[in-house]
Amino acid sequence: MRSIPEGRVTTYGLLAHYLGSRAVRAVATAVGKNPDAPRVPCHRVVRADGSIGRYSGEGGVQTKQRLLESEGVVIENGKIDNFDRILFDFSECTD
DNA sequence: CTCGTGACTTACG
DNA sequence: ACGTAAGCCACGA
């Protein structure tokens with residue numbers, strides 16, 4: 001997740017796939033159980049349809065949305081605007 | 001071991 | 001667009 005640049009987001013599916021696991025739900029659960037909010041930009045991980053999803057950190061989804069918008073991500077009607085444009089698929093990730 | 005549940009996803013009606 | 005079903009892996013009861 002630390003490879004995700006500011007203003008970009010990814011989905012649980014892509015994240016799990018990048019990790020080489022098909023356990024999308026397990027990955028999502030792990031992310032949620034270990035809120036590295038201040039350490040890791042877990043708020044840049046959203047659902048596949050562009051919706052925020054959930055957030056276990058302070059303020060919940062509200063904070064998650066504010067963090068994203070603070071990085072330049074535009075969210076409209078609970079969904080990310082230009083989702084397919086700012087979507088980070090790890091293709092430009094060199095790690 | 002079987003069931004239910006979960007920061008999920010895709011497919012079908 | 002919305003509800004349901006199924007698939008997925010991990011975890012706890």
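Chain naming here is simple, since letters A, B, ... match the order of the sequence lines and numbering starts at 1 in each. Any value given below was found using the heavy atoms of this structure, including those in side chains, with hydrogens, waters and symmetry copies removed. Just so we're clear, the structure is a prediction, and the values are computed from it rather than from any experiment.
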(message) Could you tell me how far apart A:Leu19 (CG) and C:dA10 (P) are, to the nearest whole angstrom?
(response) 13 Å

(request) Determine, for A:Arg8 against A:Glu71, whether the closest basic-nitrogen to carboxylate-oxygen distance falls under 4.0 angstrom. (result) no

(request) Applying salt bridge (Lys or Arg N to Asp or Glu O under 4.0 Å), name anything that partners A:Arg25, two or more places apart in sequence or on another chain. (result) none

(request) Nearest 0.5 Å please: distance from the OG atom of A:Ser70 over to the CD atom of A:Glu6. (result) 8.0 Å

(request) Could you check how far NZ of A:Lys79 sits from C1' of C:dC2, rounded to whole Å? (result) 12 Å

(request) Tell me what A:Ala26 touches on the nucleic acid: a base, only sugar-phosphate, or nothing, going by heavy atoms under 4.0 Å. (result) base

(message) OP1 or OP2 of C:dC8 versus the side-chain N and O atoms of A:Arg22: is any pair under 4.0 Å?
(response) no

(request) Please tell me which of the listed nucleotides, B:dA7, B:dG6, C:dC8, lies nearest to the side chain of A:Ser56? (result) B:dA7

(request) First locate atom CD1 of A:Ile75, then atom CG of A:Leu68, and finally report the distance between them rounded to the nearest 0.5 Å. (result) 4.5 Å

(message) Does the protein touch nucleotides 8-13 of chain B at the base, only the backbone, or not at all? Give it as B, S and - per nucleotide, heavy atoms under 4.0 Å.
(response) BBS---

(message) Within the 4.5 Å heavy-atom criterion, are A:Tyr12 and A:Val46 side-chain neighbours or not?
(response) no

Could you tabulate the donor-acceptor pairs under 3.5 Å formed by side-chain atoms of residues 60-67 of chain A, not counting sequence neighbours?
{"residue": "A:Thr63", "atom": "OG1", "partner": "A:Glu58", "partner atom": "O", "Å": "2.4"}
{"residue": "A:Lys64", "atom": "NZ", "partner": "A:Val45", "partner atom": "O", "Å": "2.6"}
{"residue": "A:Lys64", "atom": "NZ", "partner": "A:Ile52", "partner atom": "O", "Å": "3.1"}
{"residue": "A:Lys64", "atom": "NZ", "partner": "A:Arg54", "partner atom": "O", "Å": "3.1"}

(request) Quickly work out the A:Lys33 NZ to C:dC9 P distance and round it to whole Å. (result) 18 Å

(request) Can you tell me, in whole Å, how much space there is between the C1' of B:dA7 and that of C:dA13? (result) 23 Å

